[in-house]
Amino acid sequence: MHINRFLSHIDGMARSNNFEVDIFVPGIGLRMRGIRCQKATLPGKTLELSTFRQIPGGAPNHLVKGVKYDETVVLGFMLDSTYEDRSNIELWQNYIYNDDYSIKYPKVSTNTTELAAESTAEKGSQSYLGTVVIRQLGRDGFTIYEVQLEDAFPTVLGAITLDMATSALSTFDATFTYKT
């Protein structure tokens, strides 16, 4: 292979710093365009296997029994002088669970007879769930890979470190859990 051909293939590789994140929570009217999101993890995917041996002591055989995705995604944000992204995620968490230790949304019963009667209440209790969209962009700015996390909500809001010895930008991480 000629070196120029090799270099042209290397130059067309995806760059980890070329991405965007959008967060939408229609139930509470929250919409965040992640221009200040500086770090994101795309969820991994694992095939769940059942291992068995046809002959005792023989080679193991594997049977795929399901698919499992990572349970959380971490997003890292840069803070502007208004702390807007941090405030939005804090408000989202406060909508789910008050600081006075009371759950704000209606509880959903596990009793099957009550579940049928409360199907509309269950939808109301899910109003805190949102969608997180993470897009890997090509060098031309077009999306080359997209992950959409459905029924997502923030479970961990990371600490902010303040330090007089540095003038670096302030950042924080937020961990999101999702259903699909």
Side-chain angles (χ1 to χ4, degrees), residues 1-27 32 34 37-78 85 89 92-93 96-97 103 105 107-116 118-119 121-123 125-159 161 171-180:
M1 178 183 284
H2 193 271
I3 188 70
N4 290 338
R5 184 173 175 203
F6 174 74
L7 290 176
S8 70
H9 286 292
I10 295 294
D11 197 35
M13 306 302 268
R15 307 284 186 224
S16 63
N17 66 344
N18 203 7
F19 70 96
E20 64 183 11
V21 177
D22 297 327
I23 299 173
F24 306 101
V25 190
M32 294 174 61
C37 185
Q38 68 166 9
K39 175 176 67 170
T41 56
L42 295 173
K45 178 180 175 180
T46 304
L47 295 178
E48 293 180 325
L49 302 176
S50 176
T51 304
F52 64 95
R53 297 178 192 274
Q54 289 180 330
I55 302 170
N61 294 323
H62 304 286
L63 181 64
V64 177
K65 63 178 187 174
V67 175
K68 183 178 179 184
Y69 293 92
D70 291 344
E71 296 178 0
T72 60
V73 167
V74 178
L75 301 178
F77 294 89
M78 296 181 289
D85 292 336
I89 295 173
W92 189 1
Q93 281 187 327
I96 298 168
Y97 196 85
I103 297 175
Y105 59 89
K107 293 182 181 177
V108 178
S109 173
T110 56
N111 185 343
T112 55
T113 57
E114 291 178 21
L115 280 177
E118 295 179 355
S119 61
E122 183 179 344
K123 289 179 183 174
S125 72
Q126 304 300 316
S127 63
Y128 66 90
L129 298 175
T131 302
V132 177
V133 181
I134 306 170
R135 291 182 197 89
Q136 172 73 55
L137 304 175
R139 295 187 68 150
D140 56 3
F142 290 109
T143 301
I144 58 175
Y145 188 77
E146 179 177 296
V147 174
Q148 189 165 326
L149 309 175
E150 296 292 334
D151 295 345
F153 61 96
T155 54
V156 178
L157 190 58
T161 302
T171 62
F172 74 96
D173 289 343
T175 304
F176 290 84
T177 298
Y178 59 95
K179 184 175 181 181
T180 58

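What's counted below: heavy atoms across the whole structure, side chains too, no hydrogens, waters or symmetry copies.
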Rounded to the nearest 0.5 Å, what's the gap from [atom1] on [X] to [atom2] on [Y]? Could you check?
X    : Y    : atom1 : atom2 : answer
Q136 : N18  : CD    : CG    : 6.5 Å
I134 : T143 : CD1   : OG1   : 12.5 Å
I89  : L157 : CD1   : CG    : 6.0 Å

Residues that F176 engages under ring-ring contact (aromatic ring centres under 6.0 Å, His included), provided they are two or more places apart
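F176 satisfies ring-ring contact (aromatic ring centres under 6.0 Å, His included) with W92 only.
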
List in chain and number order the residues that pass ring-ring contact (aromatic ring centres under 6.0 Å, His included) with F172, two or more places apart in sequence or in another chain; answer none if no residue qualifies.
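Counting only residues at least two positions away or on another chain, F172 forms a ring-ring contact (aromatic ring centres under 6.0 Å, His included) with F77.
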
Contacts of type salt bridge (Lys or Arg N to Asp or Glu O under 4.0 Å), residue [X], not counting sequence neighbours:
X    : result
E146 : R135
D151 : none
K179 : none

What ring pair (Phe, Tyr, Trp, His ring centres under 6.0 Å) pairs are there with at least one residue in residues 136-156, not counting sequence neighbours?
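Matches after skipping sequence neighbours: Y128-F153.
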
Measuring only between side-chain heavy atoms, which start at C-beta, is V73 closer than 4.5 Å to V132?
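Of all side-chain heavy-atom pairs linking V132 with V73, none is under 4.5 Å.
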
State, with a plain yes or no, whether a side-chain heavy atom of Y178 is found less than 4.5 Å away from one of T180.
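With C-beta onward as the side chain, the pair stays apart.
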
Could you pull out every donor-acceptor pair under 3.5 Å between side chains of residues 37-56 and any protein atom, sequence neighbours left out?
unit_1 : atom_1 : unit_2 : atom_2 : d
K39    : NZ     : D173   : OD1    : 3.2
K39    : NZ     : D173   : OD2    : 3.1
T41    : OG1    : V74    : N      : 3.2
T51    : OG1    : H62    : ND1    : 3.2
R53    : NH1    : G58    : O      : 2.4

Kindly say whether T175 contributes a backbone atom to a donor-acceptor pair with the side chain of T155 at under 3.5 angstrom?
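Judged by distance alone, yes, a pair lies under 3.5 Å.
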
Closest contact, heavy atoms only, L137 versus G141
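Nearest heavy atoms, L137 then G141: CD2-O, 3.7 Å.
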
Grab the two heavy atoms, one from Q93 and one from V156, that are nearest each other, plus how far apart they are.
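Looks like NE2-N, 3.9 Å.
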
Among all residues two or more places apart in sequence or in another chain, which pass the side chain to side chain donor-acceptor pair (under 3.5 Å) test with T131?
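Expected list: E150.
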
